[in-house]
Number of protein chains: 2
Amino acid sequence: MTVTEANQFRAVCDAAGIAVTHQRQVVYQVLKSMNGHPSPEEVYAPVKVRIPSISLATVYKTIHLFIESGVFREVSLHHGTLRVETNARPHHHLVCIGCKSISDIDAEELGIGAAARKLPGGFLAKRYAVDVLGLCADCQKSLS
Amino acid sequence: MTVTEANQFRAVCDAAGIAVTHQRQVVYQVLKSMNGHPSPEEVYAPVKVRIPSISLATVYKTIHLFIESGVFREVSLHHGTLRVETNARPHHHLVCIGCKSISDIDAEELGIGAAARKLPGGFLAKRYAVDVLGLCADCQKSLS
DNA sequence: CTAGGTGCAAAGTATTTGCAACGCT
DNA sequence: AGCGTTGCAAATACTTTGCACCTAG
């Protein structure tokens, strides 16, 4: 890791109020160097090459810490368990970043319509599934 | 269940090419009667009241069957495991309904910008996370 | 020095699978 | 009758936790 990279990471940790450890530096660096949407196991593999003694649990803890601190994001805020849509109308989701609740909003009401079209890379778009991330009324109150 | 409901369900099963069983009828009916985004356990509870001998495994199998057949949708196509965003730029996701792959598309390129605003119900929108559902180039080929 | 971080192993949760018995068509 | 479906129990996958030791500040 270059001096610049180390300083950058130090600044990130200071901002988050967490300690700078060797493990965290390596996880940070590996994440920065990866493309796509790696799972904890996929992060663990290259990290373990550089720190053979590291445990998967530490990688999990570190990833969560980075997400809580806003250093990285997770792909889906509601990835936990399988959930079934009971609402058959075209709609999108209001996802509260405070309490993680999900409520529905009609597609029309949000003003983002579906649009079958070709996108760059030859991807054929069929429909949009929009998560509107924000704060529900209750969480706005409790934060004020 | 009314005669009409039973016929409706029979039509659904015929269209999907699956057998009409008592278990499936009850799971279908319970899902139709629920609001929100129930987990398999939450579906299992009321179903078990009506069919005490049913197993959770059957509820899982039935829900998956309904999703594959297009009878119900799942809330997130990529809910499986924790995934980290390594792309720091504002972007959205192209999710292939064929192979489940996820690739990124810049927010600008998609033409759906962020917009902090108040929505009905007092929800304070901070940003959008858009999944564009469709078929990637490879899956379009293999389906033709 | 000491609060916070780490590694290990065990526990927890969510989901899937193999298989014998059973029920729809 | 025959094949798909069910229930059970065991297996698997993913993630978290308790605790003794270690390390950054």
Side-chain angles (χ1 to χ4, degrees), chain A residues 1 6-7 9-28 30 37-45 47-69 71-72 74-84 100, chain B residues 1 6-7 9-28 30 37-45 47-69 71-72 74-84 100:
Chain A
M1 170 141 72
N7 285 341
F9 181 67
R10 194 162 284 277
V12 164
C13 289
D14 285 354
I18 60 175
V20 176
T21 68
H22 184 216
Q23 287 83 340
R24 287 175 186 172
Q25 281 185 39
V26 173
V27 171
Y28 178 82
V30 162
H37 314 93
S39 65
E41 291 275 0
E42 287 165 353
V43 175
Y44 177 59
V47 167
K48 196 168 179 66
V49 172
R50 294 213 239 158
I51 312 177
S53 66
I54 202 172
S55 72
L56 182 57
T58 297
V59 172
Y60 268 97
K61 285 170 189 163
T62 304
I63 289 175
H64 281 139
L65 186 71
F66 286 164
I67 290 170
E68 282 161 30
S69 311
V71 179
F72 287 93
E74 55 189 318
V75 170
S76 171
L77 257 60
H78 46 255
H79 62 84
T81 79
L82 176 62
R83 297 288 168 153
V84 186
K100 303 285 172 70
Chain B
M1 170 141 74
N7 285 341
F9 181 67
R10 193 163 286 273
V12 163
C13 290
D14 285 353
I18 60 176
V20 177
T21 68
H22 184 215
Q23 285 84 340
R24 287 174 186 171
Q25 281 184 40
V26 173
V27 171
Y28 178 83
V30 163
H37 314 93
S39 65
E41 290 277 0
E42 287 164 352
V43 175
Y44 177 60
V47 167
K48 197 168 178 63
V49 172
R50 293 215 238 157
I51 312 178
S53 66
I54 201 171
S55 72
L56 182 56
T58 298
V59 172
Y60 268 97
K61 286 170 189 163
T62 305
I63 289 175
H64 281 140
L65 186 71
F66 286 164
I67 290 171
E68 283 161 28
S69 311
V71 179
F72 287 93
E74 54 189 321
V75 170
S76 172
L77 256 59
H78 45 256
H79 61 84
T81 80
L82 177 61
R83 298 285 168 156
V84 186
K100 302 287 171 70

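All values reported here derive from a predicted model rather than from experimental measurement. Lettering of chains follows the sequences in order, A, B, ..., and the numbering in each one begins at 1. These numbers come from the heavy atoms of this one structure, side chains and all, not from hydrogens, waters or symmetry mates.
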List the protein contact pattern of nucleotides 2-14 of chain D with one symbol per nucleotide (5' to 3'): B for base contact, S for sugar-phosphate-only contact, - for none; contact means a heavy-atom distance under 4.0 Å. ---SBBB-----S
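With sequence neighbours excluded, no residue satisfies salt bridge (charged side-chain N to carboxylate O under 4.0 Å, His left out) with A:R24.
Protein atom CZ of A:F9 is 13 Å distant from nucleotide atom P of D:dA24, rounded to whole Å. If you take CD1 of A:I63 and C1' of D:dT15, they are 11 Å apart, rounded to a whole angstrom. Separating the CG atom of B:L56 from the P atom of C:dT13 is a distance of 14 Å, rounded to the nearest angstrom. The distance from atom OH of A:Y28 to atom P of C:dG5 is 18 Å, rounded to the nearest whole Å.
Both B:P40 and B:D14 lie near DNA chain C, and the one whose nearest nucleotide falls closer to the 5' end is B:P40.
The shortest non-hydrogen separation linking A:R83 to B:E42 is NH1-OE1, 3.5 Å. Scanning both residues, A:V30 and A:V43, for their nearest heavy atoms gives CG1-O, 4.2 Å. Scanning both residues, B:L77 and B:K100, for their nearest heavy atoms gives O-CD, 4.4 Å.
Counting heavy atoms from C-beta outward, B:T81 and A:E41 have side chains that stay 4.5 Å or more apart.
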Show me the side-chain donor-acceptor pairs of residues 56-69 of chain B shorter than 3.5 Å, one per line, residues at least two apart or across chains.
unit_1, atom_1, unit_2, atom_2, d
B:T58, OG1, B:S55, OG, 3.2
B:T62, OG1, B:T58, O, 2.7
B:H64, ND1, B:Y60, O, 3.4
B:S69, OG, B:L65, O, 2.7

